[in-house]
Amino acid sequence: MLICAILLIATYYDLRSREVPTWLTLAVLLGSGAYAIYRGLWMPALLTIALYLISEISIPLQRRSFAVVASAFAAIFQPSSTILCLALFTIWLLWDLGYMGGADMKLMIAATLAFGGPAVLIPITIMGGFQGVAALLCKQTSVPYVLSIFLGTLVYTLVPLIL
């Protein structure tokens, strides 16, 4: 539930100014990474750090090549986390290709690490679809996607408690 509270704060910033403070996204990312290590998911946490460092490489082909290699090594060294590493790489790649913002990428990776698997991305994606349709009907060209990340994470957290 702590991640939901932090995502609510991030949603407030995103709705208010369309910008989430770096200190907030990095804090939740570091906390989720530490929690993932505590749960034994050390390779996805290290992959997250590697992807963060790789993102500073200025040549796109080199950056993406290094990211593929780092993700493959992470999956090889901890085979039980292969799907999780693939999800982290995919989120990073969507950001690298310009399909999502940096805060969105960091918060989605943090949610994925916090729950220890990519299943949390399903309700996030569904909420994003609803938000996209609503934006289309209102003729908006962009949406504050942190709202979808928060709502999807909240649904993922509360549904097992209700059922």
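The first residue of the sequence shown is numbered 1, and numbering continues consecutively from there.
- Annotation: side chain of Thr25 is not in contact with side chain of Tyr13 (no heavy-atom distance under 4.5 Å).
- Across all non-hydrogen atoms, the minimal contact from Thr125 to Tyr145 is CA-OH, 4.0 Å.
- Put simply, SG on Cys4 and CD1 on Ile9 are 11.5 Å apart, with the number rounded to the nearest 0.5 Å.
- Under the 4.5 Å side-chain heavy-atom criterion for Ile, Leu, Val, Met, Phe, Trp and Tyr, Val146 and Ile126 are members of the same hydrophobic cluster.
- The two atoms that bring Ala45 and Gly33 nearest to each other are CB-O, 3.7 Å, heavy atoms only.
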Report task. Take Asp14 and Leu147 through the side-chain contact (heavy atoms from CB on, under 4.5 Å) test and state the conclusion after the steps. Result -> CA-CA 8 Å; Asp14 198 30; Leu147 177 63; 5.9 Å; no

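- Here the shortest heavy-atom pairing between Leu88 and Leu51 reads O-CD1, 4.0 Å.
- Linking ILVMFWY side-chain heavy atoms closer than 4.5 Å, directly or via other members, places Ile6 and Leu8 in a single hydrophobic cluster.
- Taking each heavy atom of Gln131 and Val143 in turn, the nearest pair found is NE2-CB, 3.7 Å.
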Query raised in the report: For Leu161 and Leu158, what are the C-alpha separation, side-chain angles and deciding distance, and is it a side-chain contact (heavy atoms from CB on, under 4.5 Å)?
Result: CA-CA 5 Å; Leu161 297 175; Leu158 293 179; 4.1 Å; yes

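- Using a 4.5 Å cut-off between side-chain heavy atoms of Ile, Leu, Val, Met, Phe, Trp and Tyr, with links allowed through other members, Phe73 and Tyr52 fall into different hydrophobic clusters.
- Closest approach of Leu29 and Lys106 over heavy atoms only: CD1-O, 3.6 Å.
- With contacts defined as side-chain heavy-atom distances shorter than 4.5 Å, the pair Asp96/Met105 does not qualify.
- With a 4.5 Å cut-off on side-chain heavy atoms, Gln78 and Cys85 do not count as touching.
- We find the CG-CG distance between Leu94 and Asp104 to be 11.0 Å, quoted to the nearest 0.5 Å.
- Taking the six-membered ring where tryptophan is involved, the planes of Trp95 and Trp92 are tilted, since the angle between them lies from 30° to 60°.
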Requested in this report: Kindly determine whether Leu121 and Ile91 satisfy side-chain contact (heavy atoms from CB on, under 4.5 Å), including the steps that lead there.
Outcome: CA-CA 10 Å; Leu121 298 176; Ile91 294 167; 3.9 Å; yes

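- The structure places CD1 of Ile59 at 9.5 Å from CZ of Phe66, a figure rounded to the nearest 0.5 Å.
- Linking ILVMFWY side-chain heavy atoms closer than 4.5 Å, directly or via other members, places Leu30 and Leu46 in two distinct hydrophobic clusters.
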Query raised in the report: Under the side-chain contact (heavy atoms from CB on, under 4.5 Å) criterion, do Phe150 and Leu107 qualify, and how do the steps go?
Result: CA-CA 9 Å; Phe150 165 67; Leu107 294 173; over 6 Å; no

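- More than 12 heavy-atom neighbours from other residues, nucleotides or ligands sit within 6.0 angstrom of CD on Gln140.
- Each of Trp42 and Leu86 belongs to its own hydrophobic cluster when Ile, Leu, Val, Met, Phe, Trp and Tyr are linked at side-chain heavy-atom distances under 4.5 angstrom.
- Using a 4.5 Å cut-off on side-chain heavy atoms (C-beta onward), Leu7 and Ile149 make contact.
- Looking at Val68 and Phe89, their side chains come closer than 4.5 Å, going by heavy atoms from C-beta outward.
- Separating the OH atom in Tyr156 from the CD1 atom in Ile122 is a distance of 8.0 Å, to the nearest 0.5 Å.
- Between Leu84 and Met43, the closest side-chain pair of non-hydrogen atoms is not below 4.5 Å.
- For the atom pair CG of Leu41 and CG of Leu47, the computed distance is 12.0 Å after rounding to the nearest 0.5 Å.
- Shortest non-hydrogen contact noted between Met108 and Ile124 is CE-CG2, 4.3 Å.
- Ile83 CD1: 12 or fewer foreign heavy atoms inside a 6.0 Å radius.
- From Ser148, atom OG reaches atom CZ of Phe130 across 10.5 Å, with rounding to the nearest 0.5 Å.
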